[in-house]
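Positions are given from 1 along the sequence. This one's a predicted model, so the numbers in the text were calculated from it and none came from an experiment.
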Amino acid sequence: MTTPAPTASSAAAVPPVVAVAYHSGYGHTAVLAEAVRDGAADAGATVHLVKVDEIAEEQWGLLDAADAIVFGSPTYMGTASGAFHVFAEATSKRYVSRAWQDKLAAGFTNSGSKSGDKLHTLQFFTVLAAQTDTDRGPDGVHKADIATADHLGRRVAAQAAVYAAGRAAVAA
């Protein structure tokens, strides 16, 4: 016997908890964070806004208890803001303990221009949200990673040889 998938009405019986962890340098990202909050609340979620540059233990608890975390940051110099990076580094305890494993994650960003290298910021959020096994020590390095590193060394050495030969030829 198969269990039917939850329907919208049965899923609504237990409202999800969504936390929006964001930094806003000049207010633009705060406007977007509030829009994310409003959309999630309109869909029936309990939503918490967490300003990562003002985070305290209570807000860490909200993030830990959430079913989903939405990351938001302006894109400065091609990546998330410095304040957001400080927050990201502070999540390491959660990473090691897998406190956020199996949570849904999403992200948003904005920048001063229409392109503004926002893709890198969104990729940064993806990496931040990924929870993988922690390193097992040097003996646990996967053979494929070792082979890739070996290939990288060979490729860099080959290109450096071309560069050095060209430099020697110009000097001659």
Side-chain angles (χ1 to χ4, degrees), residues 16-56 59-60 62-135 140-160 162-163:
V17 177
V18 175
V20 182
Y22 73 98
H23 172 250
S24 186
Y26 298 99
H28 303 86
T29 309
V31 169
L32 296 177
E34 291 164 1
V36 171
R37 176 202 58 206
D38 294 347
D42 288 347
T46 299
V47 187
H48 304 290
L49 288 179
V50 176
K51 294 180 178 181
V52 300
D53 54 336
E54 299 175 5
I55 196 164
Q59 286 80 29
W60 283 112
L62 294 173
L63 293 171
D64 293 346
D67 298 303
I69 300 174
V70 181
F71 300 120
S73 172
T75 294
Y76 296 154
M77 305 303 291
T79 189
S81 67
F84 195 90
H85 277 269
V86 169
F87 160 76
E89 288 185 24
T91 68
S92 63
K93 290 179 185 175
R94 272 107 184 127
Y95 182 86
V96 170
S97 70
R98 296 179 176 234
W100 293 356
Q101 183 173 337
D102 297 329
K103 291 185 185 298
L104 294 176
F108 64 93
T109 187
N110 63 306
S111 67
S113 64
K114 295 297 179 193
S115 60
D117 295 327
K118 293 178 278 221
L119 177 61
H120 182 264
T121 301
L122 296 175
Q123 290 169 329
F124 172 71
F125 294 156
T126 302
V127 172
L128 174 61
Q131 295 250 333
T132 60
D133 290 336
T134 56
D135 290 338
V141 177
H142 196 279
K143 290 178 184 179
D145 292 337
I146 294 170
T148 300
D150 180 82
H151 178 75
L152 174 64
R154 291 173 192 275
R155 179 74 176 145
V156 169
Q159 293 305 305
V162 170
Y163 179 79

Flag, side chain of T109 to backbone of T75, donor-acceptor distance under 3.5 Å: yes
Nearest-0.5 Å distance that lies between atom CG in L119 and atom CZ in F124: 14.0 Å
side-chain contact (heavy atoms from CB on, under 4.5 Å), that's the test. Do R94 and D64 meet it? Break it down for me. CA-CA 8 Å; R94 272 107 184 127; D64 293 346; 2.9 Å; yes
Heavy-atom pair with the smallest gap, counting every atom of L63 and A19: CD2-CB, 3.5 Å
CG-CZ distance between D42 and R37, expressed to the nearest 0.5 angstrom: 10.0 Å
So CG of L128 and OG of S73: to nearest 0.5 Å the spacing works out to 11.0 Å
Minimal heavy-atom distance between H23 and S81, with the atoms involved, is ND1-OG, 2.8 Å
Looking only at heavy atoms, which two atoms of I69 and A21 are closest? And how far apart? CG2-CB, 4.3 Å
In sequence, state the C-alpha distance, the side-chain angles, and the governing distance for V50 and I55, and then conclude on side-chain contact (heavy atoms from CB on, under 4.5 Å). CA-CA 7 Å; V50 176; I55 196 164; 3.9 Å; yes
Crowding at NZ, K103 (>12 non-hydrogen neighbours, <6.0 Å): yes
I need the minimum non-hydrogen distance between E54 and Q59, along with the two atoms involved. O-OE1, 4.3 Å
Nearest 0.5 angstrom please: T121 OG1 to F71 CZ, how far? 13.5 Å
For the atom pair OG1 (T79) and CG (L122), what is the distance rounded to the nearest 0.5 Å? 10.0 Å
Could you pull out the closest heavy-atom pair between V20 and A33, with the gap in Å? CG1-CB, 4.0 Å
NE2/H28 to CG/N110 distance, rounded to the nearest 0.5 angstrom? 7.0 Å
What about F84 and Y76, are their ring centers closer than 6.0 Å? no
Over all heavy atoms of both residues, which pair between Y22 and A30 is shortest? Give the atoms and the distance, please. CE1-CA, 3.8 Å
In sequence, state the C-alpha distance, the side-chain angles, and the governing distance for T91 and W60, and then conclude on side-chain contact (heavy atoms from CB on, under 4.5 Å). CA-CA 9 Å; T91 68; W60 283 112; 3.9 Å; yes
